Trainee: 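There's a structure below that I have some questions on.
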Amino acid sequence: MFAQIVVDVPAGQTDRLFDYKVPESLQGAVSPGMRVVVPFGPRKLQGFIIRLTENTTVKKVRNIDELLDVTPVLTPELLDLGSWLSEETICYQITAYQSMIPAAMRAKAKKVLYLQEEIVHFPVFIQTLFGKRSSIEWNKVPMDKDLLSLIRKEVRDGRILLEYEVKDQARKQSYKTIQVTPKKSREELEGMAGNRAKKQLEALRWLLEHYPETPVPLKQVEAEGGFTRAVLQALVEKGCVVEKTIEQYRDPFKDKEFQKTVPLSLTNDQAEVLHPVREAVGTQTHETFLLRGVTGSGKTEVYLQAIQKVIEEGKEAIVLVPEISLTPQMVNRFKSRFGSQVAVLHSALSIGEKYDEWRKIQRKEVKVAVGARSAVFAPFEKLGLIIIDEEHEGSYKQEDHPRYHAKDVAIWRGRYHKCPVLLGSATPSLESFARAQKGVYRLLELNNRVNNFPMPEVELVDMREELKNGNRSVFSNILLEKLEDRLQKGEQVVLFLNRRGYSTFVMCRSCGFVTECPHCEISLTYHHVNKQLKCHYCGHEESMVNKCPSCDSEHIRFFGTGTQKVEEELTRLLPTARVIRMDVDTTSRKGAHEKLLTKFGSGQADILLGTQMIAKGLDFPNITLAGVLAADTLLNLPDFRAPERTFQLLTQVSGRAGRDKLKGEVVIQTYNPEHYSIVHAKEHDFLSFSRQEMTQRKVGGYPPYFFLALITVSHEDLSQVITTSEKIASHLRERLSIQTKVLGPTVSPIARLKDRYRYQCMIKYRNEPDLTKTLREIADHFQSEMAKDKLFISIDMNPHMFM
Ligand code: ADP
Ligand code: ZN
Ligand code: ZN
């Protein structure tokens, strides 16, 4: 028998299947989706078995060395998906497969030999090897040819059992138990212990009396019986008791009580959108639904009741939520409905915790996986539904190999399992919305908030006017008045500050010099806490200067406003306000995020001030005012999606206010009050926004009218970057159809990063069936130069980042 294997060398030449022979000792134990160790040239490499075959055309086929798994880590479906993914996103197959398994599984396997019969029945060599033990680790066995062939024979005859114990970086949490060796009489056991070992006999008798048949934790025996570990260990070695390690899941939610919730009785609108989804689940029909529901329209309850149908059908569901809205509040809503049937895959979990959650899915112990992007690879085998909440979110696109979009993967899996995919958002991406309007997806709509609470009133404040009237504060007079009003009424406020472009940079007032990172073309950010300047791209850090390095002036100081500065100003203007600040600095400790939110939710603060992370998923009834301090910061990014992102963000922030009986209000401060994305956000008018934005996209030749591919070339040597990117561009112009536009090469918006110069080419196309093939050829062509010359070429299909 032979195995076709993808080996762990991410390179063009090795990106194919290699044939290996399955040695006799492993026959019956191997199956596709398992990881193996194979010889590769002079090296030993890990790989995945993709398929097993009867024949091979390879002349000198080598043996598989080791098997790393006892059960497959990739299902047949995921093996197919990986090969599709590698084609679509132009990445190596090994990269695609590695991305589907938990990080913790970059594993080494421990091989253990277990005697299946009494030691006396074995040849003397083997008796000497095992001594008094009944098992021995493979790597403790001397590599003696005669001994090895003896062992091999015994393994073949089934008198020695060879087992693979996966030893992972993230060790499973486990505890040791002991149990009286089964199927032995009391006399036999006492004989094995020997008369002279008084303590050991005592322990053995105690065990026989208290736990004759079941395993007990070693700790418990020590505590209850008062025996030392050495005594018990001796019994293990003599074979009177057997030791067993019991695996225990680390449960990140174990300290928490989930109050069970029951399905709410749906509003008519909710029932109407739920119906076709449940029907598709019931009839096992693949269809993609786009649920456009305003904030607070009760989309989550629709998800929950759709999942309930999935569980009733004996199937499984995946729910994707953006990383930043994967808050405890969000998780609670699923856990409290479906309890222990839910696994949560969250990047804030430790590697080990994530691994445990993944194993629950693999072992079919849960029915629902809730998680961020990569949860789309959850190894379920009976999928009944995949939900993507906030489907417009950019974080569903992975910005590293494989550069996949979770939506594409979800739809692929939906087709495979003949199950529906449900995309939900208050502000769908224009790509999805266009597809829904063309009937590629089925559009479902929730146009009103639950109980018909009105959408909040939005007021735009022109910050240029404020400046003209002499107000240099980050707070307009109107916002300040409203803040005072809420404080007086005891109602709560969220204030939103976009971190990007709004952090503090250092500039000389005399000559305009800005301190930049010496490795990246990016200004350094001032961190108040340790008075350091930091590069947010490469981590470079330096101390704050007192004098301008360029002109020696002492008028060098930081500009811009970070959350910390706003907090200071807020407490100065409103000394009685209790403020909670949420940003990367205050939430970096594990659990801090949740603590701060709980504190705010229980009314221990008046104002929640934060970055992106507070824009989503907050559902507190007492919030009656939401403020956006500078709506423009996103608008000015060099990205065709900037207006769309601005509209989405403002809509999300508005959605935080007035979610209960109290009326909500929103204040948006901006220097561009006429911009259509801001005007339509004020009116909660998605349809008008999308109509206008579609016109812009058509004129600019952007998605959804055109597809994009972005090629970025980088190297330490500028001239090499330019020549390479020019070669690529002209090659593309030759190969692609004349309707396709190849733009560039031009310098990237971030011209230098980590000491590497960066140039890019953009391809705009409508129909280019061979594009991925052509791009792969380009990547392969430069492969050797990339390896020896540190040239990087990155290819991003449907890019979401243009920096
Ligand atoms: P969305 O996800 O669309 O923003 P949510 O699902 O968070 O909206 O719902 C908003 C609020 O309405 C939540 O507090 C939720 O518990 C409540 N809600 C949803 N559906 C119903 C219903 N059918 N009856 C009563 N309350 C509901
Ligand atoms: Zn200066
Ligand atoms: Zn840097």
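One-based numbering, in listed order, for ligands and for the atoms of each. When reading the values below, keep in mind they use all heavy atoms of this one structure, side chains included, and skip hydrogens, waters and symmetry mates. Since the structure is predicted, the reported quantities are computational estimates derived from the model, not experimental observations.
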Trainee: Taking atom types as modelled and ignoring hydrogens, do the side chains of S688 and H680 form a donor-acceptor contact shorter than 3.5 angstrom?
Mentor: no
Trainee: Short list, please: which atoms of ligand 1 are under 4.0 Å from a heavy atom of L266?
Mentor: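 Taking each heavy atom of L266 in turn, ligand 1 has 23 (N) under 4.0 Å.
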Trainee: So which atom in A626 and which in V653 form the shortest heavy-atom distance, rounded to 0.1 Å?
Mentor: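 Taking every non-hydrogen atom into account, CB-O, 3.7 Å.
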Trainee: Can you see which heavy atom on L650 is nearest to which on A681, and at what distance?
Mentor: CB-CB, 3.8 Å
Trainee: Is the closest heavy atom of G293 to ligand 1 under 4.0 Å?
Mentor: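 Under 4.0 Å: no for G293.
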Trainee: Of F647, Y676, F640, which meets side chain to side chain contact (heavy atoms under 4.5 Å, CB included) against E693?
Mentor: Y676
Trainee: Just checking, is any N or O donor in the side chain of S429 or E391 under 3.5 Å from an acceptor N or O on the other one?
Mentor: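 Yes, because at least one side-chain N or O of S429 sits under 3.5 Å from a partner of the opposite role on E391.
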Trainee: Would you say G296 has any N or O atom under 3.5 Å from an N or O of ligand 1, going by distance alone?
Mentor: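 Yes, at least one N or O pair falls under 3.5 Å.
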Trainee: Would you kindly specify which portion of S265 sits under 4.0 Å from ligand 1, judged on non-hydrogen atoms: side chain, backbone, both or neither?
Mentor: backbone
Trainee: Considering the heavy atoms of T300, write down every atom of ligand 1 situated less than 4.0 Å from one of them.
Mentor: 2 (O), 6 (O)
Trainee: Given that the side chain starts at C-beta and the backbone is N, CA, C, O, which of these parts of R333 lies under 4.0 Å from ligand 1, counting heavy atoms, or is it both or neither?
Mentor: side chain
Trainee: Is the contact between R449 and ligand 1 made by the side chain, the backbone, both, or neither, using heavy atoms and a 4.0 Å cut-off?
Mentor: neither
Trainee: Should the proximity of V294 to ligand 1, defined as any heavy atom under 4.0 Å, be assigned to the side chain, the backbone, both, or neither?
Mentor: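 The backbone, only.
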Trainee: List in chain and number order the residues that pass side chain to side chain contact (heavy atoms under 4.5 Å, CB included) with D485, two or more places apart in sequence or in another chain; answer none if no residue qualifies.
Mentor: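 Partners of D485 by the side chain to side chain contact (heavy atoms under 4.5 Å, CB included) criterion, ordered by chain and then number, come out as K489.
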Trainee: Under 4.0 Å from a heavy atom of T295: which atoms of ligand 1 are those, numbered in the order shown and with their elements?
Mentor: 4 (O)
Trainee: Classify the side-chain pair H392/E431 by whether it contains a donor and acceptor separated by less than 3.5 Å.
Mentor: no
Trainee: Is there a polar contact, in the sense of an N or O pair closer than 3.5 Å, between G298 and ligand 1?
Mentor: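 Yes: some nitrogen or oxygen of G298 is under 3.5 Å from one in ligand 1.
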